[in-house]
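We're numbering straight along the sequence, starting at 1.
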Amino acid sequence: MKMKKNSFIQGAFVATFAIVICKILGILYVIPFNAIIGEKGGALYGYAYNIYSIFVTISQAGIPLAMSKIISEYYTLGYYNAKERAFKLGKRLLFGIGLICFVILFVFAEDIGYLIIGNIQGGNTKEDVAFVIRVISSAILVIPLLSVTRGYFQGHRFITPTSFSQIIEQVTRVLIIIIGSFLMYKVFNFSLTATVGCSVFAATLGGLASYLYLLYKKRKSQKEFVVQEIKVKEPKITNAQIIKKIFTYACPLIVIDLFRTLYNSVDMVMLVKTLVNDIGYSVVDAEAVMSIISTWGLKLNMIIISIVTGLMTSLIPNLTSSFVQNDMIEVKNKINKTYQVILILAVPMTVGLSILAKPVWTIFYGISAYGSITYQYLVFVALVTSIFTATATIIQLLKEYKVLYISLIIGILIKILFNIPFIYGFNKMGLPAFYGSITATILGFLVPVIICMSCLKKKYKVNFESTLKAFVNILIGAIIMTLVLSVLKMFIPLNTTNRLVAIIITLLYAGVGALIYIIVIFKTKTINDVFGIKNLKEISRVLSKKRKKS
């Protein structure tokens with residue numbers, strides 16, 4: 001069957017749908033996984049993944065989007081030879097960088113473990129952390145190759161195969177985590193450290209399965225990648241020029257992901273030690289909070305963040321094509337559409353999850369002293385992270401690297417400088433001390449957004465009036481939804497310790513809240529303005545066809 005190219009909104013819908021499916025799988029598996037490894041295991045899992053995220057960011061983050069941009073640029077201009085060479089060079093380059101990162105991570109795992117744990121006793125040890133870091137480092141040998149291949153597909157606007165590859169990766173990973181951890185810990189009585197090691201190794205096997213699928217799709221549809229739709233005389237483009245372009249496009253994207261990861265790393269280094277040594281928390285309680293912020297709460301947040309991930313997958317080749325053709329009207333339109341789609345979906349989800357923090361946490365993780373109280377505020381990090389990622393990516397696409405780097409540095413400095421003072425401040429006010437850390441993260445993301453949007457407005461004359469109008473209507477919808485749910489709370493309380501009751505309450509509140517919100521955005525015609533009537537009909541038609549087939 002011939003692969004079909006996707007338009008911006010269609011591609012965004014396909015990518016977002018697939019990523020949301022992946023994230024739903026990613027939070028559903030934590031119910032049994034949390035029951036198996038507990039909060040101590042969750043903290044260890046989070047330590048490994050946070051460090052892995054930094055190194056995988058260095059080795060490949062930004063590459064799928066950078067390759068997507070390069071392939072789209074050359075494809076739009078008709079430079080087909082350069083397009084294919086860019087793909088081959090990208091694979092070689094990324095494998096070499098990944099190999100170096102793997103060696104560094106493997107060799108210095110114990111030093112990293114000491115940096116995280118220090119001399120604190122009574123929880124995970126630096127040897128435990130070193131072991132899981134070494135296991136997960138193997139994924140860095142696979143993920144870069146997978147990423148550059150996804151970028152190749154996306155650059156041709158073949159969004160569906162890459163989206164399906166993400167589902168394959170997640171399903172493989174989830175099955176290995178659940179089955180592997182259960183067998184190792186409950187059946188064969190391996191240690192908690194070994195069990196977490198098996199769980200993090202799932203990242204390697206999931207990436208490998210996804211990569212093999214894309215190779216199969218590429219081999220099967222090779223003709224569709226080499227067909228020349230535009231006949232031009234291709235200029236001589238050397239390998240050195242292509243490599244320079246890869247680095248030029250990838251480095252800002254890598255920096256975006258790296259800085260985004262560093263916010264969690266700041267907490268990983270500061271939060272537990274501050275809560276234990278200065279605030280008076282026990283090691284067990286401090287690690288429980290850390291596991292919520294770095295692992296369990298983050299899993300729930302990824303459903304919201306997945307919206308912007310799907311958008312970026314479709315936005316980059318489309319916005320690049322418009323920018324290369326110097327169609328600035330379309331560039332401005334797509335920038336506004338990006339913000340509007342994020343807001344119309346992410347705002348009600350964020351508010352809803354905050355209201356339902358207690359039953360949602362009970363469903364996924366059971367009873368927790370810190371779970372719901374932490375997550376009802378932590379969920380707002382997902383909203384600002386989504387806006388931050390979209391803004392930084394747009395600024396990068398417009399090659400405003402100076403503005404990007406300055407805003408990112410200011411953002412992370414705000415997080416570092418305000419993290420501990422905010423922890424002290426919230427504790428003095430009688431609020432949970434760790435709210436200070438979450439507030440520092442939110443502020444650290446918002447300031448770069450303001451700086452970058454100011455650049456878009458002043459230099460590119462991007463008029464955000466339509467986005468502001470949509471945001472007001474979205475906010476009205478969210479407020480009305482909150483008021484209705486507050487009234488409902490008087491009759492059906494959210495406090496429950498029973499999982500089945502929590503599921504029923506969550507579904508009831510989510511249904512009522514979604515209905516109220518949808519009515520408001522339909523009445524204000526916000527949904528038509530954001531998605532467009534034509535695209536809404538196309539999406540509805542595709543969904544109807546799929547329902548009939550099933």
Side-chain angles (χ1 to χ4, degrees), residues 50 53-54 57-58 61-66 68-69 247-267 269-270 301 304-305 307-309 311-312 315-316 319-320 323 328 331-332 334-343 346-347 350 380-422 436-464 467-468 471:
N50 277 321
S53 296
I54 294 173
T57 295
I58 294 169
I63 293 301
L65 301 181
S68 173
K69 184 177 179 182
F247 275 115
T248 301
Y249 288 170
C251 282
L253 291 166
I254 290 173
V255 170
I256 292 169
D257 271 2
L258 183 61
F259 271 79
R260 192 172 57 185
T261 303
L262 283 175
Y263 286 86
N264 253 350
S265 300
V266 170
D267 282 332
V269 173
M270 291 184 177
N301 276 358
I304 298 172
I305 296 172
I307 294 169
V308 75
T309 308
L311 271 173
M312 293 306 101
L315 174 70
I316 285 177
L319 190 59
T320 298
F323 192 59
M328 294 309 296
V331 167
K332 294 173 187 177
K334 285 171 181 173
I335 289 171
N336 271 294
K337 287 296 178 192
T338 300
Y339 284 119
Q340 290 165 20
V341 173
I342 291 172
L343 292 171
V347 168
T350 302
F380 289 93
V381 172
L383 177 60
V384 294
T385 301
S386 298
I387 298 170
F388 163 83
T389 304
T391 306
T393 304
I394 290 167
I395 283 289
Q396 183 274 335
L397 287 172
L398 298 177
K399 301 181 181 180
E400 293 293 335
Y401 302 127
K402 183 179 178 182
V403 174
L404 174 66
Y405 295 142
I406 290 173
S407 65
L408 291 175
I409 291 169
I410 290 173
I412 197 65
L413 284 176
I414 286 172
K415 170 64 178 173
I416 293 170
L417 294 174
F418 287 94
N419 210 44
I420 292 177
F422 277 9
S437 180
I438 297 170
T439 304
T441 300
I442 292 172
L443 190 62
F445 279 130
L446 280 180
V447 171
V449 167
I450 293 168
I451 294 171
C452 291
M453 289 186 77
S454 297
C455 173
L456 292 174
K457 186 174 177 62
K458 289 178 183 177
K459 186 169 183 179
Y460 294 92
K461 310 301 179 186
V462 178
N463 188 343
F464 293 109
T467 298
L468 184 60
F471 176 63

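- From Leu398, atom CG reaches atom OG1 of Thr393 across 11.0 Å, with rounding to the nearest 0.5 Å.
- Listed for the Lys459 side chain is no donor-acceptor partner under 3.5 Å among the backbone atoms of Glu400.
- Nearest heavy atoms, Ala382 versus Ser386: O-OG, 2.9 Å.
- In this structure, CD1 on Ile342 lies 7.0 Å from CD1 on Ile387, to the nearest 0.5 angstrom.
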Working note: Lys415 + Ser437, criterion side-chain hydrogen bond (donor to acceptor under 3.5 Å, both in side chains); need CA distance, chi angles, decisive distance, verdict.
CA-CA 8 Å; Lys415 170 64 178 173; Ser437 180; 3.3 Å; yes

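- Counting only distance, with no hydrogens or angles, the side chain of Lys461 and the backbone of Lys458 share a donor-acceptor pair below 3.5 Å.
- The distance from the CD1 atom of Ile450 to the CD1 atom of Ile410 is 11.0 Å, given to the nearest 0.5 Å.
- How far CD1 of Ile335 is from OG1 of Thr467: 9.5 Å, rounded to the nearest 0.5 Å.
- Proximity of Asp267 to Thr441: side-chain heavy atoms (C-beta onward) are separated by under 4.5 Å at one or more points.
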Any chance you could lay out the side chain to side chain contact (heavy atoms under 4.5 Å, CB included) test for Leu262 and Ile416, step after step, and finish with the verdict?
CA-CA 10 Å; Leu262 283 175; Ile416 293 170; over 6 Å; no

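- Side chain of Tyr263 to main chain of Gly444: a donor-acceptor pair is present (N/O by atom type, distance under 3.5 Å, no hydrogens or angles).
- Between the side chain of Asn419 and the backbone N or O of Ala440, no donor-acceptor pair lies under 3.5 Å.
- Put simply, the side chain of Leu443 does not reach to within 4.5 Å of the side chain of Val384, judged on heavy atoms.
- For the pair Met453 and Tyr339, the minimum side-chain heavy-atom distance is below 4.5 Å.
- Considering Leu404, Ile451, Leu408 as possible partners of Ile395, the one that fulfils the side-chain contact (heavy atoms from CB on, under 4.5 Å) test is Leu404.
- Side-chain contact between Val447 and Ser407: absent, with no pair of heavy atoms (C-beta onward) separated by less than 4.5 Å.
- Put simply, CE on Met270 and CD1 on Ile420 are 4.5 Å apart, with the number rounded to the nearest 0.5 Å.
- Classification of the Tyr401-Tyr405 ring pair by plane angle, with boundaries at 30° and 60°, yields parallel.
- Atom-to-atom distance recorded for Ile409:CD1 and Ile414:CD1 is 12.0 Å, nearest 0.5 angstrom.
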Trace of the side chain to side chain contact (heavy atoms under 4.5 Å, CB included) decision for Leu383 with Ile442:
CA-CA 9 Å; Leu383 177 60; Ile442 292 172; over 6 Å; no

